Amino acid sequence: MRVLGIETSCDETGVAVHDGERGPLAHRLHSQVDAHAVYGGVVPELASRDHVRRLAPLVEAVLAEADTPRELLDGVAYTAGPGLVGALLVGATFGRSLAWALDIPAVGIHHMEGHLLAPFLEPDAPDFPFLALLVSGGHTQLVSVTGLGAYRTLGQSIDDAAGEAFDKTAKLLGLPYPGGPELARLAEGGDPSRFDFPRPLLGRPGLDFSFSGLKTAVLYAREETPADDSRDADIARCFEEAVVETLVAKCRRALRQTGHKALVVAGGVGANRRLREALQGMTEKEQVSLHFPRLEFCTDNGAMIAYAGHRRLAAGEGTDARIEVRARWPLDSLQPPTGDSAPLSA
Amino acid sequence: MSVLAIDTATEACSVALASEGRVWTRFEVAPREHARLCLPMIESVLAESGTHREDIEWIAFGRGPGAFTGVRVATGIAHGLALGLGVGLYPVSTLAALALRGIREEGADTLLCCLDARMGEVYWGVYRRDDVHQRDDKGQPRLLGEEQVLAPEAVSAPGVKLATALGVGRGWSAYSEDLRRALGDLPGSVQADRLPMAVDLLSIAEAQAASGKSPQSPEEAQPVYLRDRVVKEKPR
């Protein structure tokens, strides 16, 4: 079965073709980051306009690269939420109508399910059940995954997402938007012992996160410390340490609590090198396997939507001709595919 | 030969299918329901007319101006259908469709089309009836000057005899007094409750096709928003 996947939930246009036997055949991403950078954040109307301009040519390019004439497609999957409604509608109207024209099934996919299943795009895919850490600019969540569509959120950020904290702290340090990766670069040369930033909620039981206080601590540290050659690099390093330590500690706690033997990390912050190293160390000690999708599948992409769509379509699920998207959509409300008889492994 | 038109640029969602000289239509005023309604409406005109989706030769869609999201719903659906069916597209102005409705229903020669653009502005287009005919209609709208987005008190209709002109579109109910002041008077008649209909888009696209204009690819067939200043704060 060959499925086209379309992702337009925020500011990246992602398109991919997934083949049930051969895996991802082609995937492309058009990022709008530069267009929004001048405004210091995503402008929803501009994002929607760009998706509409880019999507059809991107789909044609990906179909050509995958050597898949449209008649060879067996299904279409598109992100149906959560996200920016205007942006989601571009992918959903296009994808659903394309499937209708080809008389093949279509399915609307939960964006975070796409991230959760992204490790299955890799050769070292985990088995169910596993623990997933979703860390991006919009989400910080620990999810117990016991099967396709069987998700339980164990903890999440009660204020800023981890990626958001990275971006906001970068802004405080005068780094250009989106500042997360810039901040990580600056932190490379920093002294991890110079500032003692809080590890929010770490001392308390539970698996929730809070990152907004950390940002405030950074603000004060910068105001109170006279500028020297390494101040900002040291702040960046200590901030990163605080975030990484918090994430790793909560992952450890969740692994022990659930007894899951595999940890999957997804979302843009999953690209952070220090987080990867720290999780590597922790999971080795805990004797748990660690799974990262490759970097381009950590951030928003079409391949994960094509994969999730393939799993659901192969199990007989599909949406009718009414096109619907959802700005909000609790992950825990998802269900296994209707009429699922497929085995749980990839 | 069958041809299809869809429009979701305003509060109305409508489709029209022409096949073998006959036309089937659906029209519903349903704000924010367009994405849910549009494909089922197409299915229903295909079923009623006994047409197969593969018989569709080209698709016309309302490319704006209008509600941004609504314009993109029609565009996204049209792009997806075009790629899936391997057919071309005719993007048609929402204001021109409104003008043709005025010609078709009222036999007007001069049309002042006006849609509420929110933020204290209107979408504005002045049209005259041209003696180009599709099937047995009364002529086609020809744009005088340009389509504009502007404050209602800034509209103008140079060279137009207001007494014989027809005002069409909901801008006329939202900003009647401002428009009257800008023009010096109200047009001889006003149909403020009229919304664009896919059947008129279809007729305009048929006239374009008949005059030799080729349909476009999705990449070429893009929305026309008119309002391009969509961010309040300036770029930093």
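Letters A, B, ... are given to chains in the order of the sequence lines, protein chains preceding strands, and every chain is numbered from 1. Only a predicted model underlies this, so the values are computations on that prediction, with no experimental measurement involved.
- Between A:A101 and B:R53, the shortest heavy-atom distance links the atoms O-CD, 3.8 Å.
- Taking 4.5 Å as the limit, every side-chain heavy atom of B:T69 sits out of range of all side-chain heavy atoms of A:S48.
- Between A:L98 and B:L81 the shortest side-chain heavy-atom distance does not fall below 4.5 Å.
- Contacts between A:R70 and chain B at a heavy-atom distance below 4.5 Å involve the side chain alone, from C-beta outward.
- Contact of A:D320 with chain B is not made at all, since no heavy-atom distance falls under 4.5 Å.
- Between the side chain of A:R49 and the backbone N or O of B:F68, no donor-acceptor pair lies under 3.5 Å.
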**OP:** With side-chain contact (heavy atoms from CB on, under 4.5 Å) as the test, would you mind laying out the steps for B:I42 and A:W100 before giving the verdict?
**Re:** CA-CA 10 Å; B:I42 295 171; A:W100 183 89; 3.7 Å; yes

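- In terms of heavy-atom pairs under 4.5 Å with chain A, the best-connected choice from B:A78, B:G86, B:C38 is B:G86.
- Between A:E45 and B:R229 no salt bridge is recorded (no basic side-chain N to carboxylate O distance below 4.0 Å).
- Considering only heavy atoms from C-beta on, B:T75 stays 4.5 Å or farther from A:F94 through its side chain.
- Looking at B:I59, neither its backbone nor its side chain comes within 4.5 Å of chain A, counting heavy atoms on both sides.
- The backbone N or O of A:I323 sits nowhere less than 3.5 Å from a side-chain atom of B:R36 that would complete a donor-acceptor pair.
- Annotation: B:E146, atom CD; neighbour count of heavy atoms from other residues, nucleotides and ligands within 6.0 Å does not exceed 12.
- Nearest heavy atoms, A:A56 versus B:P218: CB-CB, 3.6 Å.
- Looking only at side-chain heavy atoms (C-beta outward), A:L55 and B:H79 stay at 4.5 Å or farther from each other.
- Scanning both residues, B:A35 and A:L89, for their nearest heavy atoms gives CB-CD2, 3.8 Å.
- Counting non-hydrogen atoms of other residues, nucleotides and ligands closer than 6.0 Å to CZ of B:R118 gives a total of 12 or fewer.
- In this structure, the portions of A:V52 lying under 4.5 Å from any heavy atom of chain B include both its backbone and its side chain.
- B:R72 places no side-chain N or O within 3.5 Å of a backbone atom of A:G86 that could act as its donor or acceptor partner.
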